[in-house]
Amino acid sequence: MSENQNHNPGYTADNIQVLEGLEAVRKRPAMYIGDIGIRGLHHLVYEVVDNSIDEALAGHCNEIEVRILPDNSISVKDNGRGIPVDYHAKEQKSALEVVMTVLHAGGKFDKDSYKVSGGLHGVGVSCVNALSIALKAEIYRDGKHYIQEYSEGKPLYDVREIGPTEFRGTVITFKPDASIFTSVVYKYDTLASRLRELAFLNRKVRLSIIDERPEEKTAEGEFRSDSFYSEGGLKEFVQYLDGTRVPLIPEPIYFEGDKGGVPVEVAFQYTETYNENVHSYVNNINTIEGGTHVGGFRMAMTRVLKGYAEKEGFLKNVKFEISGDDFREGLTAIISVKVMEPQFEGQTKTKLGNNEVSGAVNALVGELLTHYLEEHPREAKVIINKVILSATARHAARKARELVTRKGVMNSTSLPGKLADCSSTDPAECELYLVEGDSAGGTAKQGRDRRFQAILPLRGKILNVEKALEHKIYENEEIKNMFTGLGVTRNDDKTLNLAKLRYHKIIIMTDADVDGSHIRTLILTLFYRYMHELLVNGHVYIAQPPLYLTKKGKEEIYAFNDEQRDIAIAKLGGDNPASVGIQRYKGLGEMNAEQLWSTTMNPETRILKKVTLESAAEADYVFSMLMGDEVPPRREFIEQNARYAKIDA
Ligand code: 0RA
């Protein structure tokens, strides 16, 4: 028996406070974990894994293993020091119990360590505990195996020592409370993507995942599993992102250091492409909206590269101004900083606001890049030539672009002829359906509620913006229609002006076949590269037309997937499934206006999937792969049946 079992947990003021704290989490879970949907559900795992990552950052842990158990419980195991279990007279409970039941108590017992990790909301594992119907903490420490279990955050018993062990570490197993979350089914791909990202961001830590749900087994009958490990960290992250792009210099450039107490890590490389792909992280959190760290990086790149180019005489024959954008065309970069007290701003609270970080990144990248250019004149020349090429192309294209972006169509007040607008002028209630093909567009026009639903049919091929120079995209008829129809324009700094956005819901409606999914990806790629803010602000949705109509006599049931189809057949057919007629919808055109309305457009009954940007880096990788030149990885990706962006129901 250990000391910590001997006390009798009296009903102290402390206990009351703890219960109130956990009750607050259960009453307003969204305030603590963001939301109670599929996203919040996955955040529980990230929160627990982040504690293990902290232990790894402190240098005590190099293996983290996530298991999805058959009942959708999650188990996170690490080989760190183990959460302390010693009894605290003052708190009248073990350190473990404090960590598990007191809000924000995580770092309390380890003042020396630099705790900056922690999920988007940094709320600590006690929130996970409060939102779990069952949680078990197992600690392996000093040769002993300890255990404590909780329900809704409340301990079921004091910490127990249950035997000897050779292992050292922590295992947290929890089952999210189904009365709190709208869904309690985990997505393997979502968790795996995050672990891959964490492996790149925290080099030399192995993060693995295994899915022990029988229904998720692979075709070969095995549990799905992955193990992520990166020796090179950010450098390998950049190489992964540029997997289907052609780099100008074989190795990514990597800088690391500490400036004014801010640890900064940067890796980047230039490729033959035209896009800027700068991804940033603060305390392992993807800052999708950027912020001061990205600002500092850009300033340093522009300042140092420009200075070098001038000093070395590269700009003697360049007769026009080189802009900041020119220094970033074809640039893929990852910026990762650790900030003690991060201020997150912006629509989705993923924009870093701390001003001191701008200076830190600017100074560090400035110094190390200056040094790099001095030592690598050949590479420096390749980079500067690329910048000059970008500037030249931009200069040549400027007239064409100005025509469309300013004086021309993008600023014109007249709406595209093909747009069937709605009567309401309140953007908050207005929806724009982007519909594949004139025929389905016609059906949608008949079926819609014209008060608040507008239809823009898209005809023919949509330009693949991944392979096109910027000015080309403004010359494309369908893309111009989307800009003018939506009422958005691009600012000179490449941000999107949303002030006159005419619809707050933009719904992509394509056929449920290969062509339809291709067109959807083309539209999403356009949004991702040129109307990013629409995705960040959650304006983009994907319509879900039914896949089947099952029918017996007068009774009809629509099915949106194979499982629903089989259920419908069983329901309609009873003992005689063969008596049920099944129509497979290949295209929207096979439905009449009334059917399209009732299945896909009526807000009361339709299913819309919201497109969110959970990880911008992963989206970048997928779009460049799907739309780039290399075919083999794309085929493999489509065969694996994964997706391009996280789509939340
Ligand atoms: C505080 C102090 C110490 C370890 C931890 C926290 C710790 C927390 C978690 C959460 C998941 N895994 C973890 N591993 C360790 C150790 C203090 C010491 O041993 O000196």
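What you see is a predicted model, and the numbers here were worked out from it, not measured in a lab. Atoms within a ligand are numbered from 1 in the order they appear, just like the ligands themselves.
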| Salt bridge present between D226 and R196 (N-O < 4.0 angstrom) | no
| said: Assess, by modelled atom type and distance only, whether the side chains of E533 and T495 contain a donor and an acceptor separated by less than 3.5 Å. | reply: no
| said: Assess whether a salt bridge exists between D211 and R213, defined as any Lys/Arg side-chain N lying under 4.0 Å from an Asp/Glu carboxylate O. | reply: yes
| field | Part of A95 within contact of ligand 1 (heavy atoms, under 4.0 Å) | value | neither
| said: Heavy atom to atom 5 (C) of ligand 1, shortest distance: which of H60, E55, M100 holds it? | reply: E55
| task | Report yes if some N/O of R141 lies less than 3.5 Å from some N/O of ligand 1; otherwise report no. | result | yes
| Going by the atom numbers of ligand 1, which of them fall below 4.0 Å from some non-hydrogen atom of N51? | 10 (C), 11 (C)
| Pair K235 + E251, salt bridge at N-O below 4.0 Å | yes
